Amino acid sequence: MGHTVTCIPGDGIGPEIMAATKVAVAATGVDIAWVDVEAGSDVMEKYGTPLPEHVLESLRATKVGIKGPITTPVGSGFRSVNVALRKELDLFANLRPAVTIPGVVSRYEGIDLVVVRENTEDLYAGIEHMVGKDAAESIKIITRAGSERIARFAFEYATREGRKKVTAVHKANIMKLSDGLFLETATQVAADYPDIEFEDRIVDNMCMQLVQKPELYDVMLCPNLYGDIVSDLCAGLVGGLGVAPGANFGVEIALFEPVHGSAPKYAGQNKVNPTALILTAVLMLRHLGERTAADALFAGVKQVVGEGKDVTYDLGGSAGTSDMGEAVAGAVRAILA
Ligand code: NAD
């Protein structure tokens, strides 16, 4: 059976890495009808908004989307399209796996971590105000309902993917009410999943432990802000943003996007690494139930990166974005033959 997927190439380097990713995905033979829609700074003039209503409508209809990065202007202009999409569609769960790919330069080997980040609450909700002229207050919101649905998501994910352990990350020793509620709720949800080990770590200790003994960890369940920081730390363990995939999930809709941004200075040069978006497509294929295709695409990326011949500048090669997409496609075809 075929799939219909909304595709948002984004701006900056987005369209180039999306084109390379589509070539690689096509090699898996999975039947995907792409619904291409535009969002981002490049469509401001055309639609009067960087996030036209038809983009949201398409995602609501297809339930699955893949997205390239979108520039967020600093200081003035529109607010983040990425944050708006997550809010409008209530994509409450953010998933960021960090897996070692042999051939990518990193200080570590054998990393296999997943950060599950709450996407809607916490200090990240951006509720802040000035108190007089010389003080500012940011409000940290943590709810039982928000904590419960993200904890359940983490345990369901761990169960589905054969993971062994979930670690709740918090600072409940200091923020006894907000982080205390997050931890208390996670502990209650954990009781429903006796086959998955559960533990918790204070966020500062978690960061140190990840640097010293990353092999002790598996799935990390984080409130929004800690998840933002810990997931970048984990991306650093496996070689950085060029190889870091991600996904956002709501109750019905899933939107897949790499962790990195639109790298405007490289836009239009056919130069940047499409790997993070191709690995994001691996997550998408798994979500669509296309496990064989997902495994072949992942294996294809590992082969091309491991050989180190058809790779982009950041991986030590001189291949263009499109060359690397073609090389992964060739590897995938050979793997599936
Ligand atoms: P960035 O991730 O775009 O780029 C930082 C640097 O990382 C680049 O200069 C480049 O050296 C490297 N890099 C990133 N992606 C790469 C790739 N695929 N291949 C090779 N090298 C790569 O971060 P930034 O410069 O802080 O942000 C640029 C814009 O992207 C901003 O407007 C920001 O708001 C936006 N952004 C969007 C998203 C998203 O769409 N989800 C995420 C992060 C940032």
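In each ligand, atom 1 is the first atom listed, and ligand 1 is the first ligand listed. Remember, predicted model here, so these are calculated numbers, not experimental data.
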Parallel, tilted or perpendicular: which describes the rings of Phe92 and Phe153, with under 30° parallel and over 60° perpendicular?
perpendicular
Using a 6.0 Å distance limit plus a 45 degree cone around the ring axis, check whether Lys271 lies over the aromatic ring of Tyr313.
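That pair qualifies as a cation-pi contact.
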NZ or CZ of Lys213 within 45° of Tyr217 ring axis and under 6.0 Å
no
Is there a donor-acceptor contact under 3.5 Å from the side chain of Asp11 to the main chain of Thr71?
yes
Do the side chains of Arg60 and Glu252 get close enough for a salt bridge, i.e. N-O under 4.0 angstrom?
no
Per the under 4.0 Å non-hydrogen criterion, ligand 1 touches Ile13, Lys67, Pro69, Ile70, Thr71, Thr72, Asn82, Leu241, Glu257, Val259, His260, Gly261, Ser262, Ala263, Pro264, Lys265, Tyr266, Val272, Asn273, Tyr313, Asp314
Assigning hydrophobic clusters by single linkage (Ile, Leu, Val, Met, Phe, Trp, Tyr; side-chain heavy-atom cutoff under 4.5 Å), is Val104 placed with Leu113?
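Shared cluster, yes.
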